Amino acid sequence: LKNIAVLTSGGDAPGMNACIRAVIRTGIYHGKNMFGVMQGYQGLIDNNIIPMDARSVSNILHMGGTILKTARCLAFKEEAGMELAFKNLQEKEIDGLVVIGGDGTFTGAKRFGEKYNINVIGVPGTIDNDLSGSDFTLGYDTAINTVIEAIDKIRDTADSHDRLFFIEVMGRDSGCIALRTAVASGAEAVLLPERETSLKELITKLKAGASTKKSSSIVIVSEGNKYGGAYDIAKSVKRKFTHYDTKVTILGHLQRGGSPSGFDRILGSRLGYAAVNALIAGESMQMVGLYGNAIKLTSLEDALNTHNYKLESDLLEMTHVLSI
Ligand code: F6P
């Protein structure tokens with residue numbers, strides 16, 4: 001293994017820069033030639049692959065986003081796109097690839113690695129925390145902290161006006177952000193894609209709060225839940241429960257930005273370091289993850305098996321109890 005490239009793909013996540021820095025510097029430390037691919041798989045296809053040295057990743061550890069930029073690349077799903085990407089890697093004699101991203105990124109990496117026999121290691125980088133084999137994905141902790149800060153502010157105004165707020169958070173099909181932020185912000189209820197909470201149950205809970213003199217209530221709505229967006233849910237609840245003045249906030253993409261938390265800086269550094277060491281040790285088609293505070297390799301296939309990943313369901317029951 002002589003030449004190693006790194007790319008970020010899919011939704012950006014805080015901590016990706018810390019990880020890029022670790023990948024580049026660990027590779028250089030071991031005498032490898034290092035490359036950065038711009039705009040994820042699109043950069044592989046466009047041959048937008050640039051040599052990187054130790055100084056090209058200076059002062060990025062604390063920055064959100066990704067200096068390599070990112071994209072959701074449809075062309076890489078086609079044979080022609082993958083073929084071109086392979087040709088460009090071959091031309092530069094790049095024999096190792098570190099991909100930082102989420103499930104879409106890993107699906108692409110798996111197909112590419114299997115077809116062209118490229119050494120690929122994945123790093124779980126997504127705020128959604130929806131991969132198996134890592135307790136935490138890169139960016140999840142920062143996103144949680146960003147959401148908590150926003151909800152704290154909403155709580156102030158909700159309480160001053162005696163209002164009920166429905167706050168929609170990201171996570172695509174994963175309720176991880178919603179569940180953790182519900183605990184940390186003292187939300188009255190949370191709607192998740194993984195667990196069904198009927199609107200009837202939700203209204204019963206809100207009524208119970210109102211009858212025991214709760215002045216405000218916060219319901220966290222995970223974007224993938226089955227009842228639709230926060231506006232639709234607020235409307236349905238309002239039809240049957242009129243005690244509070246009701247408002248909606250959709251937090252949107254602010255959840256993806258910002259300086260990474262200490263946790264994500266350390267996680268990005270550990271995973272980037274581990275990814276290059278895994279490549280050097282001859283590993284391929286694996287994801288490096290943090291499992292019980294140790295680095296663990298999981299096959300890309302298992303990482304993508306979302307049936308294995310565990311929502312912390314004890315937190316759901318706890319949210320219910322602690323918000324009476
Ligand atoms: O995967 C990260 C994520 O932020 C999801 O939580 C969300 O559903 C999606 O990306 C939004 O994607 P985009 O930024 O492409 O609109």
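Every number for a ligand or one of its atoms is a count from 1 in the order of the listing. These numbers come from a predicted model, not from an experiment.
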field: Nearest neighbour in protein (non-hydrogen) for atom 12 (O) of ligand 1
entry: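 For this ligand atom, the closest protein heavy atom is Arg72 NH2, 3.0 Å.
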- prompt: atom 9 (C) of ligand 1: which protein heavy atom is closest, and how many Å away?
  reply: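 Looking only at protein heavy atoms, the one closest to atom 9 (C) of ligand 1 is Arg172 NH2, 3.6 Å.
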Can I get a per-line list of side-chain donor-acceptor pairs under 3.5 Å for residues 28-38, giving both atom names and the distance, sequence neighbours left out?
| from | atom 1 | to | atom 2 | distance (Å) |
| --- | --- | --- | --- | --- |
| His30 | NE2 | Asn277 | OD1 | 3.4 |
| Lys32 | NZ | Leu1 | O | 2.9 |
| Asn33 | ND2 | Asn3 | OD1 | 2.7 |

Among Asn129, Asp130, Val169, Asp128, closest by any non-hydrogen atom to atom 6 (O) of ligand 1: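 Going through Asn129, Asp130, Val169, Asp128 one by one, Asp128 has the nearest heavy atom to atom 6 (O) of ligand 1.
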- request: For Gly102 and ligand 1, answer yes if some heavy atom of the residue is under 4.0 Å from a ligand atom, otherwise no.
  value: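 So Gly102 does not count as touching ligand 1.
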message: Does any part of the side chain of Asp245, heavy atoms only, come nearer than 4.5 Å to the side chain of Asp162, both counted from C-beta?
response: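 Result no, sub-4.5 Å side-chain heavy-atom pair not found.
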- prompt: Got Thr142 and Asn145 here, is their nearest side-chain heavy-atom distance under 4.5 Å?
  reply: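 They are not in side-chain contact.
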query: Taking heavy atoms and a distance under 4.0 Å, where does Arg256 meet ligand 1: side chain, backbone, both or neither?
result: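 Arg256 to ligand 1: side-chain contact only, backbone stays beyond 4.0 Å.
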task: Kindly say whether the aromatic ring centers of Phe166 and Tyr231 come within a distance under 6.0 Å.
output: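 So the answer is no for these two rings.
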- prompt: Roughly how far, to the nearest 0.5 Å, is the CG atom of Asp53 from the OG atom of Ser58?
  reply: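 Going from OG on Ser58 over to CG on Asp53, the span is 8.0 Å.
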Ligand 1 atoms in contact with [X] (distance to a heavy atom under 4.0 Å):
{"X": "His253", "result": "13 (P), 14 (O), 16 (O)"}
{"X": "Glu223", "result": "5 (C), 6 (O), 7 (C), 8 (O)"}
{"X": "Gly171", "result": "6 (O)"}

task: Take Glu201 and Lys205, measure what salt bridge (charged side-chain N to carboxylate O under 4.0 Å, His left out) needs, and give me the verdict at the end.
output: CA-CA 6 Å; Glu201 277 174 87; Lys205 169 82 187 182; over 6 Å; no
